A.B. asks: 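Encoded as structure tokens, here's the structure I'll be asking about.
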Amino acid sequence: MAAKIAAMGTWDIGHFDNDIAADFSGSLDEAPEAERENIIRTTLTRTIEAGEYLDSHEACEALASAALIAAQCPGGTPITTAYGPDEPLPVFSPDLRPLAVQALDRILAADSELPELWDDTEHGPQWRQSVADLKAVLLT
């Protein structure tokens, strides 16, 4: 893994394989179950509405949120990593799916730090494909 990615606490290419997403999972676990969907909704909305430049921190949380939503979709990959939430998540409202797609589009936009960081590594194309795969599940 390139130094830039390692410096931001990323140890692999998975959506939860970084300090930010792992901490986000911990925050979901600590929240009352009734508030978990709203945390995800707020995270996605904040990403969609981000100003001129999207910080990698916000992007990592939104990417983890999108992965959690996609896991509940037909064809979605269950979250089995130890860095994902341990506590049960509610069945998410279907209106979160288009929000997740919009957030993924914002994450991949030219004015977003996370793809810049990944594109500076040999794993950039693989990371971009994983985001595209996630988006495809959300659109089905």
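Note that the structure is predicted; figures quoted are calculated from it, not measured. Starting from 1, each residue takes its place in the sequence as its number.
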A.B. asks: Mind listing the closest non-hydrogen atom pair of Ile79 and Ala67 along with its distance?
C.D. replies: CD1-O, 3.8 Å

A.B. asks: For the atom pair OG1 (Thr42) and CD (Glu37), what is the distance rounded to the nearest 0.5 Å?
C.D. replies: 10.0 Å

A.B. asks: Got a list of side-chain donor-acceptor pairs under 3.5 Å for residues 131-140, not counting sequence neighbours?
C.D. replies:
residue, atom, partner, partner atom, Å
Asp133, OD1, Gln129, NE2, 2.6
Lys135, NZ, Asp105, OD1, 2.6
Thr140, OG1, Val137, O, 2.7

A.B. asks: Please name all residues satisfying side chain to side chain contact (heavy atoms under 4.5 Å, CB included) with Pro98, sequence neighbours left out, ordered by chain then number.
C.D. replies: none

A.B. asks: Does anything in residues 86-101 pair up under side-chain hydrogen bond (donor to acceptor under 3.5 Å, both in side chains), and if so which pairs, sequence neighbours excluded?
C.D. replies: Arg41-Asp95, Ser93-Asp95

A.B. asks: Between the main-chain N or O of Thr43 and the side-chain N or O of Thr47, is there a donor-acceptor pair closer than 3.5 Å?
C.D. replies: yes

A.B. asks: Please list all pairs passing the salt bridge (Lys or Arg N to Asp or Glu O under 4.0 Å) test where one or both residues lie in residues 68-77, with sequence neighbours left out.
C.D. replies: none

A.B. asks: Please give me the minimum heavy-atom distance between Cys60 and Ala21, naming the atom from each residue.
C.D. replies: O-CB, 4.3 Å

A.B. asks: Calculate, to the nearest 0.5 Å, the distance between atoms OG and CG belonging to Ser112 and Asp55 respectively.
C.D. replies: 9.0 Å

A.B. asks: Among all residues two or more places apart in sequence or in another chain, which pass the side chain to side chain contact (heavy atoms under 4.5 Å, CB included) test with Glu35?
C.D. replies: Pro32

A.B. asks: Closest heavy-atom contact between Ile107 and Ala62?
C.D. replies: CD1-CB, 3.9 Å

A.B. asks: What closest approach, in Å, do Phe16 and Gly84 show between heavy atoms, and which atom pair accounts for it?
C.D. replies: CD2-CA, 3.9 Å

A.B. asks: What's the spacing between Trp127 CH2 and His15 NE2 if we round to 0.5 Å?
C.D. replies: 9.0 Å

A.B. asks: To the nearest 0.5 Å, what is the distance between CG on Leu68 and CZ on Phe92?
C.D. replies: 5.5 Å

A.B. asks: Tell me, with the steps shown, if Asn18 and Tyr83 meet side chain to side chain contact (heavy atoms under 4.5 Å, CB included).
C.D. replies: CA-CA 8 Å; Asn18 61 77; Tyr83 304 107; over 6 Å; no

A.B. asks: What's the spacing between Leu114 CG and Leu108 CG if we round to 0.5 Å?
C.D. replies: 8.5 Å

A.B. asks: Sequence neighbours left out, what passes side-chain hydrogen bond (donor to acceptor under 3.5 Å, both in side chains) with Gln72? Give chain and number order.
C.D. replies: none

A.B. asks: For Ala50, what residues pass the side chain to side chain contact (heavy atoms under 4.5 Å, CB included) criterion, not counting sequence neighbours?
C.D. replies: Leu54, Glu58, Arg106

A.B. asks: To check you understand the geometry: which heavy-atom pair defines the closest contact between Ala100 and Ile69, and what is its length?
C.D. replies: CB-CD1, 4.0 Å

A.B. asks: Does Asp119 have any salt bridge (charged side-chain N to carboxylate O under 4.0 Å, His left out) partners at least two apart in sequence or in another chain, and if so, which?
C.D. replies: Arg128

A.B. asks: Please answer whether the main-chain N or O of Leu28 pairs with a side-chain N or O of Arg36 as donor and acceptor at a distance below 3.5 Å.
C.D. replies: yes

A.B. asks: So Pro125 and Trp118, do their side chains get closer than 4.5 Å, heavy atoms only?
C.D. replies: no

A.B. asks: Which heavy atom of Ala66 sits nearest a heavy atom of Leu104, and at what distance?
C.D. replies: CB-CD2, 3.9 Å

A.B. asks: What distance do Glu61 atom CD and Ser27 atom OG have between them, rounded to the nearest 0.5 Å?
C.D. replies: 7.0 Å

